[in-house]
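Just so we're on the same page: letters track the sequence lines, and every chain starts at 1.
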Amino acid sequence: MLKTHTCGELRTGHAGQRVTLAGWVNRRREHGGLIFIDLRDRWGITQVVVDASRTPEAHALALRVRGEYVLQVEGVVQVRAPEAVNPDMPTGEIEVQAERITILNPARTPPIEIAGEHEANEEVRMRYRYLDLRRARMQRNLILRHQVTLYIRNFLSERGFVEIETPILFKSTPEGARDYLVPSRLHPGKFYALPQSPQQLKQLLMVAGYERYFQIARCFRDEDQRGDRQPEFTQLDLEMSFVEREDILNLIEELMTRLIEDVSDKRLVTRPFPRLSYAEALERFGTDRPDVRFGLELTDVSDIVARSEFRVFTGTVEAGGKVRALVAPGCAEYSRRQIGELEDIARDAGAKGLATVAVRADGTLRSPLAKFFSEDVMAELIAAVEATPGDLILMVADTPSLVNEALSALRVELARRLNLVDPDEMSFCWILDFPLFEWNEEENRWDPSHHMFTSPRPEDTPLLDTDPGAVLSQQYDLVCNGYEVAGGSIRIHNREIQEKVFALIGLDVEDARERFGHLLDAFEYGAPPHGGIAAGLDRLVMLMAGEPNIREVIAFPKTQRAADLMASAPSEVDPEQLEELHICICLDKKPAGSGKGS
RNA sequence: GGGGGCGUAGUGUAGUGGUUAACACGCCGGCCUGUCAAGCCGGAGAUCGCGGGUUCGAAUCCCGUCGCUCCCGCCA
């Protein structure tokens, strides 16, 4: 080893010891005959002192040293004088008196500040990701990520789970997200697909008798990006045999609870995790992934406002729509402009407008709607939403789904404005009892709302024949701080039910064989009852690290346009490579020069 | 596919039609033996993302384009 100690471990107890450190120059302070070098490695920073009067050779070398040079320093640990102690550093009570310095490698001035406080923009950070990753923030995040995966592996292994790798080169199934395709050299004109998740494979592992499987699995989806979505991402994927919903929920709840408590500095506020039905989540929060760190719940006021003279409301209710309300506490004196900003949010979500009633501190009302409401109806409305003086009532009238979208967006924005969100809190909740199907207007058929192997609740199976829209499933989602962090289900293992589901989603037996033959065959050879869940590891680590997007917890993420700015991927390839793969490029007729036809 | 924000020295920003494009950090040089975001003095560094247009004159206005980002669609 080129070092005897790390830059984070020396303390007063090491005083007098001869040590060798190696690392990067975090900062250098030159005082003529005395030079201070803050030497940094993965474990910390230690101050090195070079004294011209004691070690002229080392001092001469230190004069040439610059930021991010890679050094090896041999010297003696000495306790600092009391007035020279730096209480902000773990190693601040000691320093290393350098006797010999070796420049292991010089460094160009980096394009981004590694020790400084200026955050470079993402383009520069991505282009020089290896420098970005040198910064404390990224080191902390990636080390946390390692601790999380290690914890998960140990936790599951202790409970009898086996980690099994599944193929990255697999079969395209045109359900769900767009596949990333890989051309086959040996099979001209044919393609592999990168897995969107190991869903089918883990079910096959249950048929294979492993009973408890998990994998930290890379997944690929060729869809547009978001702050919490990358083209390749990582799932904690697991599946169990001979289990019921309750078993999976308890396992994951224990894992999450202990994981957060043991490896993060976040606080868990909701334990046990609250359980909401899908219907209840929409009713109370307007979304199936509510942030439950704060209240601001919605109230249905359709029946009350139907008795007003306000035609937008009465008309909406008559047409089968809903009018729902959200109370913004203490916002009665919001300016016209502030209310306008809230209205813009509602409109962005698809609402046609935003109705407001301000209940002033003195009890008087300020509302464009006042003239359409009798005193009684208005009083009933205020009572129903439990508004108190100083509050602002926000109402949206439209179809239930549009009302929910607009109000849940407003709810999140208000929480932000009113500072109701504690960033150190992680609040989980389970969402249960999803509908098994969603009606697809365009195709005039039912779509699975999760996937086609999700089991209906046993008590609902008779409804498959009579009222498919009313069938609730054994799907469960785990939500944390408004993010969906895990989702899974108990699967169908009964052939008759599976065929009914296929029929309802318009998949005839032939199609099903074509796409899932291997799985259907397998199910005929003794498939145990089974179920599982997949958790978004990137999102989970993001929340634990307190980061605003998953790029901050991925070593080499891609940009919104799915590019790697450091390596310049994707890139063109040699014609010979294409020829070998039997591939012809056929670009759209677009203006030349972009090189990015589709 | 659509909508919003951003793009000015290495980095972060200011500058919204008129001298030589400003400030901080960083960088280079000098001074300095107790600093730790060291300090003081001096210096270099920008075809204002790119292309076109309007104008006597464009970082600034207009059109196009590229890149980063947020959101909608999309993501079973």
Side-chain angles (χ1 to χ4, degrees), chain A residues 26-39 45-54 59 63 66-68 78 80-89 91-92 95 97 108-128 131-132 173-179 196-197 199-200 219-231 233 344-345 347-350 405 409 434 436-438 440 446-454 473 475 484 487 489 501 505 507 534 536 548-549 551 558-561 563 565 590-591 593-596 598:
Chain A
N26 199 58
R27 279 208 169 83
R28 194 188 68 121
R29 292 173 296 279
E30 193 188 323
H31 289 241
L34 204 59
I35 296 174
F36 297 98
I37 294 170
D38 290 340
L39 197 67
I45 294 176
T46 298
Q47 174 166 286
V48 174
V49 199
V50 194
D51 189 331
S53 64
R54 294 203 212 184
H59 185 266
L63 282 173
R66 295 293 180 267
E68 300 307 317
Q78 62 187 28
R80 298 195 202 179
E83 65 276 13
V85 164
N86 183 345
D88 298 329
M89 288 171 72
T91 61
E95 63 195 355
Q97 180 78 48
R108 291 163 63 187
T109 301
I112 57 180
E113 294 183 13
I114 287 153
E117 73 267 35
H118 284 315
E119 182 90 353
N121 72 40
E122 290 225 23
E123 205 172 334
V124 182
R125 292 179 60 199
M126 292 306 162
R127 203 173 300 285
Y128 298 94
L131 296 178
D132 191 41
T173 52
E175 315 294 323
R178 205 174 285 118
D179 283 322
Q196 297 176 23
S197 81
Q199 181 62 40
Q200 298 174 37
C219 307
F220 306 85
R221 296 180 188 174
D222 188 3
E223 296 293 346
D224 287 346
Q225 313 309 305
R226 290 286 186 282
D228 62 349
R229 279 174 14 202
Q230 281 273 308
F233 62 101
D344 287 343
I345 290 165
R347 284 185 195 279
D348 282 350
E405 262 179 61
F434 286 80
L436 186 60
F437 301 108
E438 285 165 8
N440 184 328
W446 294 103
D447 280 343
S449 52
H450 182 46
H451 60 62
M452 60 191 74
F453 306 111
T454 302
S473 73
Q475 181 195 339
E484 185 194 321
S489 62
V501 169
I505 63 178
L507 197 62
N549 65 64
R551 295 186 299 279
K558 291 178 178 54
T559 67
Q560 186 146 53
R561 296 195 63 243
L565 297 182
K590 280 189 177 171
S594 80
K596 294 209 169 62
S598 54

Nearest whole Å is fine: how far is [N] [atom2] from [X] [atom1]?
{"X": "A:Glu119", "N": "B:U69", "atom1": "CD", "atom2": "C1'", "value": "14 Å"}
{"X": "A:Gln225", "N": "B:C68", "atom1": "CD", "atom2": "P", "value": "11 Å"}
{"X": "A:Met126", "N": "B:C68", "atom1": "CE", "atom2": "P", "value": "10 Å"}
{"X": "A:Arg125", "N": "B:G12", "atom1": "CZ", "atom2": "C1'", "value": "14 Å"}
{"X": "A:Lys558", "N": "B:C68", "atom1": "NZ", "atom2": "P", "value": "13 Å"}

Which heavy atom in [X] sits nearest to a heavy atom in [Y], and how many Å separate them?
{"X": "A:Leu34", "Y": "A:His59", "result": "N-NE2, 4.1 Å"}
{"X": "A:Thr559", "Y": "A:Gln225", "result": "O-CG, 3.8 Å"}
{"X": "A:Ser197", "Y": "A:Cys219", "result": "CA-SG, 3.8 Å"}
{"X": "A:Gln475", "Y": "A:Ser489", "result": "CA-CB, 3.8 Å"}
{"X": "A:Val501", "Y": "A:Met452", "result": "CG1-O, 3.7 Å"}
{"X": "A:Val124", "Y": "A:Pro111", "result": "CG1-O, 4.4 Å"}

Q) Taking only N and O in the side chain of A:Arg66, is any of them less than 4.0 Å away from OP1 or OP2 of B:C28? A)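 Yes, because at least one side-chain N or O of A:Arg66 sits under 4.0 Å from OP1 or OP2 of B:C28.
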
Q: Examine B:C70: is either OP1 or OP2 under 4.0 Å from a nitrogen or oxygen in the side chain of A:Arg551? Give yes or no.
A: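 So the side-chain polar atoms of A:Arg551 do come within 4.0 Å of the phosphate oxygens OP1 or OP2 of B:C70, strictly under.
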
Q) Any idea which of B:G67, B:C72, B:C70 is nearest the A:Asn549 side chain? A)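 Of all the options, the side chain of A:Asn549 is nearest to B:C70.
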
Q) Of A:Arg178 and A:Pro548, whose nearest nucleotide on RNA chain B comes first from the 5' end? A)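 The residue mapped nearer the 5' terminus is A:Pro548.
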
Q) 5'-most contact on RNA chain B: A:Asp447 or A:Gly227, nearest heavy atom basis? A)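 In this pair, the answer is A:Gly227.
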
When the [atom1] atoms of [M] and [N] are compared, how many Å lie between them, rounded to an integer?
{"N": "B:A21", "M": "B:A38", "atom1": "P", "value": "31 Å"}
{"N": "B:C23", "M": "B:C31", "atom1": "P", "value": "26 Å"}
{"N": "B:G51", "M": "B:A59", "atom1": "P", "value": "13 Å"}
{"N": "B:C61", "M": "B:U55", "atom1": "C1'", "value": "10 Å"}
{"N": "B:C72", "M": "B:A9", "atom1": "C1'", "value": "38 Å"}
{"N": "B:U11", "M": "B:G2", "atom1": "P", "value": "31 Å"}
{"N": "B:U13", "M": "B:C48", "atom1": "C1'", "value": "13 Å"}
{"N": "B:A58", "M": "B:U20", "atom1": "P", "value": "13 Å"}

Please tabulate the protein-to-nucleotide N/O contacts below 3.5 Å involving nucleotides 8-10 of chain B, giving atom names and distances.
from, atom 1, to, atom 2, distance (Å)
B:G10, O2', A:Pro111, O, 2.9

Using both distances under 3.5 Å as the test, list the Watson-Crick or G-U wobble partner of [N], or none.
{"N": "B:U54", "answer": "none"}
{"N": "B:G67", "answer": "B:C6"}
{"N": "B:G26", "answer": "none"}
{"N": "B:U35", "answer": "none"}

Q.
Is there a side-chain contact between A:Val48 and A:Glu95 in this structure, where contact means two heavy atoms from C-beta onward sitting under 4.5 Å apart?
A.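 No, their side chains stay 4.5 Å or more apart.
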
(Q) For a quick check of understanding: with a heavy-atom distance under 4.0 Å over all strands, which category does A:Gly67 fall into, base, sugar-phosphate or nothing? (A)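 Nothing, no heavy atom under 4.0 Å.
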
(Q) Classify A:Ile45 by what it touches in the nucleic acid, base, sugar-phosphate, or nothing, heavy-atom distance under 4.0 Å. (A)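 Touches nothing.
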
Q) A:Asp51 and A:Gln97: side chain to side chain donor-acceptor pair (under 3.5 Å), yes or no, with the steps? A) CA-CA 8 Å; A:Asp51 189 331; A:Gln97 180 78 48; 4.6 Å; no

Q. With no hydrogens and no angle check, is any side-chain donor or acceptor of A:Arg229 less than 3.5 Å from a backbone partner on A:Asp224?
A.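 A pair under 3.5 Å: yes.
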
Q) With distance as the sole test, does A:Asp344 use its side chain to make a donor-acceptor pair with the main-chain N or O of A:Arg347 at under 3.5 Å? A)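 A pair under 3.5 Å: no.
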
**Q.** Within 6.0 Å of OH in A:Tyr128, more than 12 heavy atoms from elsewhere
**A.**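 Counting other residues, nucleotides and ligands, OH of A:Tyr128 stays at 12 neighbours or fewer.
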
Q.
Treating primed atoms plus P, OP1 and OP2 as sugar-phosphate and everything else as base, which nucleotides of nucleotides 31-41 of chain B get B, S or - for protein heavy atoms under 4.0 Å?
A. -BBBBBBB---

